[in-house]
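Here the structure is a predicted model, which means the values were calculated and not measured. Excluded from the calculations below are hydrogen atoms, water molecules and symmetry mates; all remaining heavy atoms, backbone and side chain alike, are included.
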Amino acid sequence: MLSFSLNPESQFQPTYQLVAPAGENIPVMLVSQAQSFRYLVISRLEWEGDSPAVYEWHPSEGVTCQGVKLEALEILPLADNSWQNSCQISIV
């Protein structure tokens, strides 16, 4: 599992959606990792529950879980990002 820490005053503000084969669209945030082109995929459940991230996303590899590529999952931008604000998040 991949852990992350966040500013306690920041709010969950999804900018992407994790699309599952069953048609589920889960709002997520992508959190960059230091010295890597991989991003942690953070859902509201992980954000509010202080749970470790399960998925990572890489621009050319797609969604992975513990290094295994998950072909069926896809990351897409949300339709309306006009409200988007930056959050202060640091990777532990």
Side-chain angles (χ1 to χ4, degrees):
M1 299 293 176
L2 304 162
S3 63
F4 64 98
S5 64
L6 51 98
N7 178 339
E9 296 186 16
S10 60
Q11 295 181 349
F12 179 71
Q13 296 181 354
T15 52
Y16 293 87
Q17 58 186 338
L18 178 64
V19 181
E24 294 175 290
N25 294 329
I26 303 164
V28 296
M29 293 173 45
L30 297 181
V31 179
S32 63
Q33 299 184 69
Q35 301 179 350
S36 173
F37 289 112
R38 296 185 184 283
Y39 296 83
L40 298 178
V41 179
I42 308 297
S43 69
R44 180 177 297 280
L45 182 65
E46 293 159 331
W47 182 272
E48 292 176 351
D50 197 26
S51 302
V54 175
Y55 301 117
E56 287 183 300
W57 179 79
H58 185 277
S60 63
E61 296 173 16
V63 180
T64 61
C65 179
Q66 297 181 355
V68 176
K69 185 172 181 172
L70 304 173
E71 298 283 344
L73 297 179
E74 187 175 20
I75 297 286
L76 297 174
L78 286 176
D80 180 13
N81 287 342
S82 61
W83 51 266
Q84 183 177 13
N85 294 321
S86 61
C87 289
Q88 292 183 326
I89 301 174
S90 60
I91 304 303
V92 176

Please round to the nearest 0.5 Å and tell me the distance separating atom [atom1] of [X] and atom [atom2] of [Y].
{"X": "Glu74", "Y": "Tyr16", "atom1": "CD", "atom2": "OH", "value": "13.0 Å"}
{"X": "Ile75", "Y": "Tyr39", "atom1": "CD1", "atom2": "OH", "value": "12.0 Å"}
{"X": "Glu24", "Y": "Gln17", "atom1": "CD", "atom2": "CD", "value": "12.0 Å"}

Practice task
Would you indicate whether the side-chain heavy atoms of Leu73 and Pro21 approach each other to under 4.5 Å?
Solution key: yes

Problem - Joint cluster assignment, Val63 & Ile26, ILVMFWY side-chain distance < 4.5 Å - result: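 Cluster IDs for Val63 and Ile26 match.
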
Practice task
Examine Phe12 and Val31 and state if one hydrophobic cluster contains both, with Ile, Leu, Val, Met, Phe, Trp and Tyr joined whenever side-chain heavy atoms are less than 4.5 Å apart.
Solution key: yes

Problem - Side-chain donor or acceptor of Lys69 paired with backbone N/O of Glu61 under 3.5 Å - result: yes

Problem - Intermediate values then yes/no, side chain to side chain contact (heavy atoms under 4.5 Å, CB included), His58 and Thr64 - result: CA-CA 8 Å; His58 185 277; Thr64 61; over 6 Å; no

Practice task
Might you point out which heavy atoms bring Pro14 and Leu78 nearest each other, and give the distance in Å?
Solution key: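 What the structure gives for the nearest pair is O-CD1, 3.3 Å.
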
Fill in the blank from the handout: Heavy atoms of Ile42 and Ala53 approach each other most closely as CD1-CB, 3.6 Å

Practice task
Apply side chain to side chain contact (heavy atoms under 4.5 Å, CB included) to Asn25 and Val19, showing your working.
Solution key: CA-CA 5 Å; Asn25 294 329; Val19 181; 3.4 Å; yes

Handout entry: Step-by-step side chain to side chain contact (heavy atoms under 4.5 Å, CB included) determination, Leu40 to Glu56
Key = CA-CA 5 Å; Leu40 298 178; Glu56 287 183 300; 4.1 Å; yes

